[in-house]
Number of protein chains: 2
Amino acid sequence: MTTKDSKIPGATIERIALYSRPLEKFLEQETELISSERLAALCNVNPAQVRKDLSYFGEFGVRGIGYNVRDLLSEIRKILVSDREWKLAIAGVGNMGKALVENVNLLKRGYKFVAAFDSNPERIGKRLPSGLTVQPLTSIGPSKEESGFEIGVITTGPAYAQAAADSFIRAGVRAILNFSAFQVRQPEGCLVENVDFSIKLDDLAYHLSSIRGKK
Amino acid sequence: MTTKDSKIPGATIERIALYSRPLEKFLEQETELISSERLAALCNVNPAQVRKDLSYFGEFGVRGIGYNVRDLLSEIRKILVSDREWKLAIAGVGNMGKALVENVNLLKRGYKFVAAFDSNPERIGKRLPSGLTVQPLTSIGPSKEESGFEIGVITTGPAYAQAAADSFIRAGVRAILNFSAFQVRQPEGCLVENVDFSIKLDDLAYHLSSIRGKK
DNA sequence: CCTGGTATGTGCAAGAATTCACAATCATTT
DNA sequence: AAATGATTGTGAATTCTTGCACATACCAGG
Ligand SMILES: NC(=O)c1ccc[n+]([C@@H]2O[C@H](COP(=O)([O-])OP(=O)(O)OC[C@H]3O[C@@H](n4cnc5c(N)ncnc54)[C@H](O)[C@@H]3O)[C@@H](O)[C@H]2O)c1
Ligand SMILES: NC(=O)c1ccc[n+]([C@@H]2O[C@H](COP(=O)([O-])OP(=O)(O)OC[C@H]3O[C@@H](n4cnc5c(N)ncnc54)[C@H](O)[C@@H]3O)[C@@H](O)[C@H]2O)c1
């Protein structure tokens with residue numbers, strides 16, 4: 001990737017991923033051109049932000065014209081390395097876990113679940129609609145080469161999240177996406193993203209009340 | 001809420017919600033005291049950050065000692081207004097929607113689903129394990145008082161997310177939590193939080209690759 | 001009642017991220 | 001070929017956020 005060697009804000013990466021969503025739709029509709037202004041409006045951000053975010057990685061637009069949808073999308077896929085397949089494993093095949101494994105959007109974007117683990121004996125051995133068979137957590141292999149997945153997803157109950165993370169790390173996984181309400185600690189050499197929806201609800205509740213309060 | 005009238009960073013609210021998770025566990029374990037240092041470690045943040053975040057809302061600790069777990073948690077609940085029940089409605093009762101409606105953690109935290117809507121005739125009329133009956137989207141009422149919910153959750157496919165949001169807004173909803181990959185535009189007078197997991201995966205993929213690349 | 005040990009609360013400086021504002025650039029029209 | 005109009009790319013200004021460092025306050029023990 002041809003990045004300028006200046007520091008890239010963390011939020012820039014997430015926004016660039018965001019930009020790709022409307023672009024995919026425009027590509028389907030065969031819209032050729034898009035301006036930073038229009039793209040920004042669709043993503044709820046400032047147009048200058050769009051241009052600056054992209055400028056960290058190169059010059060993809062044409063002054064006076066805008067961006068070519070197909071080219072920009074392809075550049076973004078290169079930037080995000082989502083132009084290839086990533087193999088995922090999941091720990092905890094409950095409601096949330098099943099929703100993720102069966103989600104076709106993730107697959108379309110190149111995220112493929114290749115292993116599913118659970119500790120509940122009733123679940124082990126079951127075949128999921130996607131074709132995966134649920135395995136005992138203990139069978140997570142010891143090395144990345146053997147286990148064959150690169151990103152671990154955690155959807156166990158909070159009490160088991162750290163244990164699941166430890167197993168993944170022992171198996172050589174270098175990136176974890178954790179949906180449990182327990183905050184997995186970021187170990188050396190492994191990226192962790194914690195996603196907790198109920199925080200989003202708390203956030204909404206707070207802001208709802210403070211708006212009310214001010215009226 | 002007794003806030004100092006200085007501006008409160010947006011990130012502060014989300015972190016305060018984060019702090020409450022370990023506190024809940026300490027309360028169960030009957031741990032009485034906690035230091036900003038310990039709490040910070042559990043949440044992957046800086047201790048000064050914890051203290052500053054809390055200081056926007058008051059002085060909850062005791063110098064030389066730390067924070068009383070029970071009191072702090074109760075203060076945080078007051079701050080976040082999660083000391084009361086919030087009524088939610090959901091649009092789109094697919095895999096993801098069901099996982100949310102059946103999630104007991106949300107209920108424990110005071111978030112209660114009181115209505116479920118879907119556009120699929122096969123789903124309408126079905127009774128969910130929680131006791132809710134799935135209603136047609138068209139039956140979302142016109143006013144908040146009538147509809148009886150305050151926060152709308154969207155788990156339809158991306159193509160229907162904006163329509164679902166519009167229905168919620170017509171029904172008087174002032175806050176929306178959207179899980180579809182479509183970015184709902186933030187209308188006047190209504191808060192919108194967009195949550196898109198696949199962005200988190202893109203983020204992990206990017207960082208995984210750039211670490212590799214540098215080695 | 002004083003002293004030592006500890007952890008909070010916060011002013012201020014440093015650091016990041018966002019937004020502005022405009023020069024640079026290109027297609028189009030006259 | 002010059003003028004026009006549009007929209008990018010980016011240095012600089014601005015705004016927001018974080019973290020340091022230390023005065024402040026409290027408890028316990030003598
Ligand atoms: N469902 C939601 O909407 C939602 C929302 C927010 C957060 N979460 C969090 O996501 C997690 C999963 O939610 P869910 O609704 O799927 O719960 P669930 O109870 O349906 O599923 C949890 C699954 O994890 C398995 N499990 C338990 N311990 C395990 C271990 N050590 N290793 C592997 N598997 C293990 C259980 O057998 C079960 O299958 C929970 O932590 C929950 O707090 C869920
Ligand atoms: N499942 C996941 O893990 C996951 C991950 C990331 C994003 N998402 C997003 O969450 C959304 C839901 O995912 P899912 O897995 O539950 O999909 P799903 O297909 O299982 O469920 C979608 C549901 O929405 C209903 N629906 C469609 N149009 C509607 C409308 N206008 N009003 C009300 N209901 C309508 C459908 O009948 C269906 O029941 C999707 O947008 C998906 O992209 C899901």
Side-chain angles (χ1 to χ4, degrees), chain A residues 2-19 22-23 26 31-73 75-76 79 186 203 207, chain B residues 2-19 22-23 26 31-73 75-76 79 186 203 207:
Chain A
T2 51
T3 63
K4 304 186 177 182
D5 47 357
S6 58
K7 273 268 155 52
I8 295 163
T12 287
I13 303 303
E14 299 212 355
R15 275 192 306 266
I16 285 185
L18 193 59
Y19 304 152
L23 287 175
F26 283 123
T31 309
E32 278 209 19
L33 287 170
I34 178 113
S35 65
S36 60
E37 190 172 351
R38 191 137 157 57
L39 188 54
L42 291 166
C43 297
N44 295 314
V45 301
N46 181 298
Q49 184 84 77
V50 172
R51 300 197 296 273
K52 175 140 293 191
D53 284 339
L54 294 172
S55 79
Y56 286 112
F57 297 95
E59 305 197 1
F60 306 126
V62 181
R63 293 172 189 218
I65 303 297
Y67 300 88
N68 176 286
V69 169
R70 180 183 303 275
D71 294 348
L72 183 55
L73 188 54
E75 291 293 347
I76 286 181
I79 292 167
Q186 174 107 27
D203 203 37
H207 286 106
Chain B
T2 51
T3 62
K4 304 188 176 180
D5 48 357
S6 59
K7 274 269 156 50
I8 295 163
T12 287
I13 302 304
E14 298 212 356
R15 276 192 303 266
I16 285 185
L18 193 60
Y19 303 152
L23 287 175
F26 283 123
T31 309
E32 277 209 19
L33 287 170
I34 178 109
S35 66
S36 61
E37 190 173 350
R38 191 137 156 57
L39 187 54
L42 290 166
C43 296
N44 295 314
V45 300
N46 180 297
Q49 184 83 75
V50 171
R51 300 197 296 273
K52 174 142 294 189
D53 284 340
L54 294 172
S55 78
Y56 286 111
F57 297 95
E59 306 197 1
F60 307 126
V62 180
R63 293 174 190 214
I65 302 299
Y67 300 89
N68 176 286
V69 170
R70 179 183 302 274
D71 294 350
L72 182 56
L73 188 54
E75 291 293 348
I76 286 181
I79 292 168
Q186 173 108 25
D203 203 37
H207 286 106

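The sequence lines fix the lettering, A, B, ..., with proteins before strands; numbering per chain opens at 1. The structure displayed is predicted, hence computed values, not measured ones.
- Shown here is Arg38(A), whose CZ atom has no more than 12 heavy atoms of other residues, nucleotides or ligands within 6.0 Å.
- Shown here is Gln186(A), whose CD atom has more than 12 heavy atoms of other residues, nucleotides or ligands within 6.0 Å.
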Check against side chain to side chain contact (heavy atoms under 4.5 Å, CB included), Glu75(A) and Tyr67(A)
CA-CA 11 Å; Glu75(A) 291 293 347; Tyr67(A) 300 88; over 6 Å; no
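- The distance between atom CZ of Phe57(A) and atom P of dT10(D), rounded to the nearest whole Å, is 14 Å.
- Rounded to a whole Å, the CG atom of Asp53(B) is 12 Å from the C1' atom of dG19(D).
- When the C1' atom of dG15(C) is taken as reference, atom CD of Gln49(B) falls 13 Å away, rounded to whole Å.
- The side chain of Arg63(A) places no N or O atom within less than 4.0 Å of a non-bridging phosphate oxygen (OP1 or OP2) of dA23(C).
- The shortest distance between side-chain heavy atoms of Ile8(B) and Phe57(B) falls below 4.5 Å.
- Within 3.5 Å, a donor on the side chain of Lys52(B) pairs with an acceptor on the base of dG19(D), or the reverse.
- In this structure, Arg15(A) and Gly64(A) both approach DNA chain C, and ranking their closest nucleotides by distance from the 5' end singles out Arg15(A).
- Going from atom CG of Asn46(A) over to atom P of dA21(C) covers 11 Å, rounded to whole Å.
- Annotation: proximity of residues 33-44 of chain A to DNA chain C (heavy atom, distance under 4.0 Å) is found for no residue.
- Surrounding CD of Gln49(B) are more than 12 heavy atoms belonging to other residues, nucleotides or ligands, all under 6.0 Å away.
- Atom P of nucleotide dG9(C) and atom CD of Glu75(B) are separated by 11 Å, given to the nearest angstrom.
- Contact annotation: side chain of Arg51(B) to base of dG9(C), donor-acceptor pair present below 3.5 Å.
- Taking every side-chain heavy atom of Glu59(B) into account, dT10(C) is the closest of dG9(D), dT10(C), dT18(C).
- Note: CD (Glu14(B)) to P (dC16(D)) measures 17 Å, nearest angstrom.
- At dC26(D), none of the side-chain N or O atoms of Tyr67(B) fall inside 4.0 Å of OP1 or OP2 (strictly under the cut-off).
- Across the protein-nucleic acid pair, Lys7(B) atom NZ and dT18(C) atom P stand 17 Å apart, rounded to whole Å.
- Toward the 5′ end of DNA chain C lies the nearest nucleotide of Gly61(B), the other residue of the pair Gly61(B) and Val62(A) mapping further downstream.
- Put simply, CG on Leu72(B) is 10 Å from P on dG9(C), counting in whole angstrom units.
- Proximity note for Ser55(A) (side chain, C-beta onward) versus dT10(D), dT18(D), dT18(C): the nearest is dT10(D).
- For the pair Phe26(B)/Leu72(B), no side-chain contact is recorded, criterion being any heavy-atom separation below 4.5 Å from C-beta on.
- For Tyr19(B), the side chain to side chain donor-acceptor pair (under 3.5 Å) test picks out Asp53(B), with sequence neighbours left out.
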